[in-house]
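Note sheet for the following structure.
Residue numbers begin at 1 in each chain, while the letters A, B, ... track the order of the sequences. Computed over heavy atoms, backbone and side chain alike; hydrogens, waters and symmetry mates excluded.
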Amino acid sequence: MSLLDAVVGLADDALVLGHRLSEWCGRAPFLEEDLAIANTALDLLGRARTLYGYAETLGGRNEDEYAFLRDAPEFRNLLIYELPGDDFAAACARQFLVDVFDDLYLTELAASRDETLAELGAKCAKESTWHRRHSGEWLNRLGDGTAESHERMQRALEGVWGYHLELFETGPGETRLVASGVLPDRGALERRWSAAVHEAIRSATLDVPSNGRRVAGGRAGEHTEHLGIMLAEMQQLPRACPGANW
Amino acid sequence: MAEAQDLEARFQARIDNEERIEPKDWMPDAYRKTLIRQISQHAHSEVIGMQPEGTWITRAPSLKRKTILLSKVQDEGGHGLYLYSAAETLGASREEMIAALHGERAKYSSIFNYPALTWADIGAIGWLVDSAAIINQIPLQRCSYGPYARAMVRICKEESFHQRQGYDIMVSLATGTPEQKAMAQDALNRWWWPSVQMFGPPDDASTHSARSMAWKIKRYSNDELRQKFIDQAVEQAKILGLEVPDPDLEWDEASGHYRTGAIDWDEFNRVVAGDGPCNRERLETHRRVHEDGAWVREAVAAYAEKQAARQAQQVAREANAGEAEQSRRVSRGREL
């Protein structure tokens, strides 16, 4: 895998999750949360655009070609980002797991030997620290709220558990980039991630789901059906009017 | 009786003197009620207005447009929030205001009962609907009620950015492919008259106007504001190379204004009364989102209560520990 592929993979992660969060606009349980979700979505879309921009300078396509003119199998995002999350508990559970990861990963990325990635890591780590605090609050409120919210949050954690393992996988070609200090070692983050996440789940009076399930394939373009449906909506207009400027 | 008259006279004198009325000041009940009605309906309009544009966030045709639209719709939610807060200073709670919306006792701007069918509608809404909103809202920055006036200052700044992004979409479509240009013209055709109607019924049929003028909640008549909008928008349509859908539109040299053909007030009244293309859906969506979120709001309240109880326990424990320490010291002092 080249640096270009790695950058596109990271950009796809941010775009797909940013899009998922943007689906919440106007649908949150109260207005303040509507604004907060939109903030996170905007951070992620901004992150995606910076990464696609970098990909273009590395010889790739432009941001809109990446976003709107590829089919699902060409997307390289990890599966956890594309899950629908259309139930509030599911959205919160996924968000917390990925925010903790992003916080760790981006902090390491800030020390990358690649200047552009280091700069992006430093800026985005700050955002992810804030996202993590916010989704961590939701873990507590829903886990330790009412009996109903507790049950919904527990079910949501079970629903997403197993998709998170892909976060810690180093792709076949990525090893070289990790060895040369361009990309953080994903596998090395697992222990810290587990410690933080398990503790937060328990302190929210929830149970850590049992391990054993593992779903992966995003970096190889092996996606769930959800991604194609999401893209059908997202890409419809530019594909209907090829060559148009918007 | 004489005292009440005196209060009312002093209140009116302050208004005539361009002083701001603040939440703790005395005000006539009718003034309070009028403001709660107007501000809460304004808040509802912002929130319901998130729906037609919100439906295009997931379909925006470029990442740049998607980002701008999402932050625009987010701003509208923010405006809703300032406005609910301004209404709360008059003693209305957000729950009550939302219940009034759901119970159809409170209205929202009728323009949002029209659908956003194509991407060009996002341009037309920003250009026309936000222009009309700005023209309506600029005088509200000098409204006699302080919290409303101050909310308006902030809102107007953001609205002008919204208006520019809408117009920018129209420019890109009007100078684009033939399909894009047709899309832009179609959107103008559908949004023109509803936008003209946004200023409310003509002056001779406006029910709340006279008193609101005296109280300086309102400063210009519906027709004056409408004229300002028309003069501005017709010129902007020309720059776009689009045609305003009014065969009777003409420039009136003597007055220096554009004159439109007859405005279809039956259509306006029909939509206000509930029979626009999206009335049912807008309200139903708002109700459903509110109901879907009930379990979350309950969890937030339950968690906050538990946290408060834990904190109180903690404080009590510390106080007990402090007392124990104190009595230990006292008894040790005695021993010495």
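- Of the listed residues B:Thr177, B:Ile98, B:Leu81, the one with more heavy-atom pairs under 4.5 angstrom with chain A than any other is B:Leu81.
- You'll find the side chain of A:Glu233 reaches within 4.5 Å of the side chain of B:Arg59, heavy atoms only.
- Between A:Glu32 and B:Arg94 a salt bridge is recorded (basic side-chain N to carboxylate O distance below 4.0 Å).
- Enclosure of atom CD in A:Glu148 by more than 12 non-hydrogen atoms of other residues, nucleotides or ligands within 6.0 angstrom is indicated.
- Residue contact with chain B, scored on non-hydrogen atoms closer than 4.5 Å, is absent for A:Ile37.
- The number of heavy-atom neighbours closer than 6.0 Å to CD of A:Glu225, taken from other residues, nucleotides and ligands shown, is 12 or below.
- Within 6.0 Å of atom CD in A:Glu199, 12 or fewer heavy atoms from other residues, nucleotides or ligands are found, so the atom counts as exposed in its surroundings.
- Using a distance-only test at 3.5 Å, with no hydrogens or angles considered, no donor-acceptor pair links the side chain of B:Arg297 to the main chain of A:Phe30.
- When heavy atoms are compared at a cutoff of 4.5 Å, A:Ala244 approaches chain B by way of both its backbone and its side chain.
- Contact record, A:Gly145 with B:Lys306: O-NZ, 3.0 Å, taken as the closest heavy-atom pair.
- For A:Ala28, the part sitting under 4.5 Å from any heavy atom of chain B is the backbone (N, CA, C, O) and nothing else.
- Considering NZ of B:Lys72 and SG of A:Cys25, their distance stands at 11.5 Å, rounded to 0.5 Å.
- For A:Leu31, the parts sitting under 4.5 Å from any heavy atom of chain B are the backbone and the side chain alike.
- At a threshold of 4.0 Å, the pair A:Asp64-B:Arg65 does not count as salt-bridged, since none of the basic side-chain nitrogens sits closer than that to a carboxylate oxygen.
- Atom CZ of A:Arg239 has more than 12 heavy atoms from other residues, nucleotides or ligands within 6.0 Å.
- Side chains of A:Thr146 and B:Glu298: a donor-acceptor N/O pair is absent below 3.5 angstrom, by distance only.
- Residues B:Leu63 and A:Phe68 come closest through the heavy atom pair N-CE1, 3.6 Å.
- Atom OG1 of B:Thr67 is separated from atom CG of A:Leu44 by 11.0 Å, given to the nearest 0.5 angstrom.
- Taking NZ of B:Lys66 as the reference point, atom OG of A:Ser22 lies at 5.0 Å (rounded to 0.5 Å).
- In the displayed structure, B:Asn189 atom CG is contacted under 6.0 Å by more than 12 heavy atoms of other residues, nucleotides or ligands.
- To the nearest 0.5 Å, the span separating OG on B:Ser62 from CH2 on A:Trp246 amounts to 9.5 Å.
- Ranked by heavy-atom pairs shorter than 4.5 Å toward chain B, the options A:Leu35, A:Leu45, A:Leu237 are led by A:Leu35.
- Of the listed residues (A:Glu63, A:His19, A:Arg27, A:Arg49), the one with the most heavy-atom contacts under 4.5 Å to chain B is A:Arg49.
- Between chain A and the options B:Met50, B:Lys64, B:Glu305, the largest number of non-hydrogen pairs under 4.5 Å is found for B:Lys64.
- Proximity to chain A (any heavy atom under 4.5 Å) is shown, for B:Ala304, by neither the backbone nor the side chain.
- Annotation for A:Asn39 and B:Gln74: closest pair OD1-NE2, 2.9 Å, computed over non-hydrogen atoms.
- Taking every heavy atom of both residues into account, B:Pro61 and A:Pro238 meet most closely at O-CG, 3.3 Å.
- Only the side chain of A:Arg152 has a heavy atom closer than 4.5 Å to any heavy atom of chain B.
- Here the shortest heavy-atom pairing between B:Tyr303 and A:Asp144 reads CD1-O, 3.6 Å.
- B:Val47 touches chain A through its side chain: at least one heavy atom from C-beta onward sits under 4.5 Å away, while N, CA, C and O do not.
- The OG1 atom of B:Thr58 sits 10.5 Å away from the CZ atom of A:Arg20 when rounded to the nearest 0.5 Å.
- Other residues, nucleotides and ligands place more than 12 heavy atoms under 6.0 Å from the CD atom of A:Glu74.
- With a 6.0 Å radius and a threshold of 12 heavy atoms from other residues, nucleotides or ligands, B:Arg154 has its CZ atom at or below the threshold.
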